[in-house]
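First up is the structure itself, then whatever we jot down about it.
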Amino acid sequence: MIYRNRHLLGLLGFVLAFGVWSSPASGQDPVPDSAAVEESDTLKNSFIPLPVVFYQPETGLGFGATAVYSFYLGQEKDAEEGEPILSSTLAPVALYTTKSQIIVALRAELLPIGSPYRFFGEAAFSKFPNKFWGVGNNTPDELEEDYTPIAFGFRAEGLMEMVRDLYFGLSFQYAYRKLSEVEPGGLLDSGLVPGAEDGDVIGLGLVFAYDTRKSVWYPRSASYHQLRATLSDGFFGSDYDYLSLLIDLRRYFWMFNKHVLALRAVGAGNTSSPPFDLMPQLGGDMMLRGYFQGRYRDLDLLALQAEYRFPVWWKFGAVVFGAAGQVQPRLSAFLLNDFHTSAGLGIRFLLSEDQGVHLRADFAWGIGEVTSGFYLNIGEAF
């Protein structure tokens, strides 16, 4: 699904990372994917075209083009004294991968100067050949099958800062999706898997977020916590009826001499039967690296991650990380001995010292399972 596709979201983050990297100055930034400036003579719009190259096991080698248009909504006089001035951003992107995957997207962030409101939106089309192993925490490798979804969707979200660093907002999301190709005789061809048929997904949601980060690209001593509840229902015109809940807790500890310990815990749950590609999933370059994105999926998910980040020499740094995750059809089914685990090592190259934007190269492997993955991207996993 487009608005939940981690590949797409990660690559849009890649685009905006370059937007921040190319920003004329740095600043305090409690809002994700935003550039900030503090001097009036830097309030200038900018347009930056850029090439894009990346690698993930799910996509193979990918390449394309993008552009970042940065502009300001309002005047410097509208800002409160001592507060950073945040730029708004438009970022189109067109991508193609060696696995014949196509993504065309546009993301927007509207950040009015001196306003407690923040607005985010994205629209995308994708044709994304992928793999499916069924639903469950212990699906065998032999169930692997190929399928090709075609999807179009958009998401809009508005946030208001109620008190310092605490945000509340509303979201709306729509997606049309169809499976253009499935393996004959496979699980998806049987029609028994929710979401194997064409249809619309329309949802309304509530968002709470607590964010003390000064840089979203390399937090050093901060917290980021998010709670989301999204209802998809036939009353809105959706072909699927379910409630989705997400809790995302992140904490960053400054240790010493630029060493950082990063911790993340994620819990997700769904009622009824969402489409299989909207179920909580393990794997990919953000959650349980070393496993293919979506290798395990089900109604409920619990995942834990930890990273230790440290400088090595000049602009090079390194990371060691580990993760554990599990999916189940209900909360009571979670077991301590049923977690999938992974570990890995990574190298970082600093692209922007002001914002802490790094080139990321990670290698991860499953512990006790024959699986591994190499990832090349911009920005940290979390």
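Given the structure is predicted, the values throughout are model-derived calculations rather than measurements. In this chain, residues are counted from 1 in sequence order. Scope of the values below: all heavy atoms of this structure, side chains included, with no hydrogens, waters or symmetry mates.
More than 12 heavy atoms of other residues, nucleotides or ligands sit less than 6.0 Å from atom NZ of K99.
Among residues two or more places apart in sequence or in another chain, the side-chain contact (heavy atoms from CB on, under 4.5 Å) test is passed with S100 by Y96. In this view, Y252 satisfies the ring-ring contact (aromatic ring centres under 6.0 Å, His included) rule with no residue, not counting sequence neighbours. For Y147, there are no side chain to side chain donor-acceptor pair (under 3.5 Å) partners, not counting sequence neighbours. Every residue two or more places apart in sequence or in another chain that forms a side chain to side chain donor-acceptor pair (under 3.5 Å) with T97 is listed here: Q101. The salt bridge (Lys or Arg N to Asp or Glu O under 4.0 Å) check on E183 picks up nothing, with sequence neighbours excluded. Taking the side-chain contact (heavy atoms from CB on, under 4.5 Å) definition, one finds that S272 meets it with Y242, sequence neighbours left out. Annotation: salt bridge (Lys or Arg N to Asp or Glu O under 4.0 Å) contacts of D239 (sequence neighbours excluded): none. R297 pairs by the salt bridge (Lys or Arg N to Asp or Glu O under 4.0 Å) definition with nothing, not counting sequence neighbours.
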Using distance only, find each side-chain donor-acceptor pair of residues 365-374 under 3.5 Å and give its atom names and separation, not counting sequence neighbours.
unit_1, atom_1, unit_2, atom_2, d
E369, OE1, Y296, OH, 3.1
E369, OE2, Y291, OH, 3.1
E369, OE2, H340, ND1, 2.7
T371, OG1, G290, O, 2.6

Show which side-chain atoms of residues 298-306 pair as donor or acceptor with protein atoms under 3.5 Å away, not counting sequence neighbours.
unit_1, atom_1, unit_2, atom_2, d
D300, OD1, N270, N, 3.4
D300, OD2, L331, N, 3.3
Q305, NE2, M286, O, 2.8

Would you tabulate the side-chain donor-acceptor contacts of residues 253-267 under 3.5 Å, counting partners in other chains and residues two or more places apart, or write 'none'?
unit_1, atom_1, unit_2, atom_2, d
H259, ND1, Y308, OH, 2.9
R264, NE, D248, OD1, 3.1
R264, NH2, D248, OD2, 2.9

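Among all heavy-atom pairs drawn from F310 and Y218, the shortest one is N-OH, 4.5 Å. When every heavy atom of V201 is checked against every heavy atom of P275, the shortest pair comes out as CG2-CG, 4.0 Å. Closest approach of R213 and P219 over heavy atoms only: CD-CG, 3.7 Å.
Ring-plane geometry between F168 and F208 is classed as tilted, the angle between the planes lying from 30 to 60 degrees on a 0 to 90 degree scale. Ring geometry for F316 versus W314: interplanar angle of 30 to 60°, hence tilted.
Under the 6.0 Å distance and 45° angle rule, R289 counts as a cation-pi partner of F321.
Between R177 and D198 there is no salt bridge, since none of the side-chain N atoms of the basic residue sits less than 4.0 Å from a carboxylate O of the acidic one.
Listed by first and then second residue, the salt bridge (charged side-chain N to carboxylate O under 4.0 Å, His left out) pairs that reach into residues 371-382 are R309-E380, R348-E380, sequence neighbours excluded.
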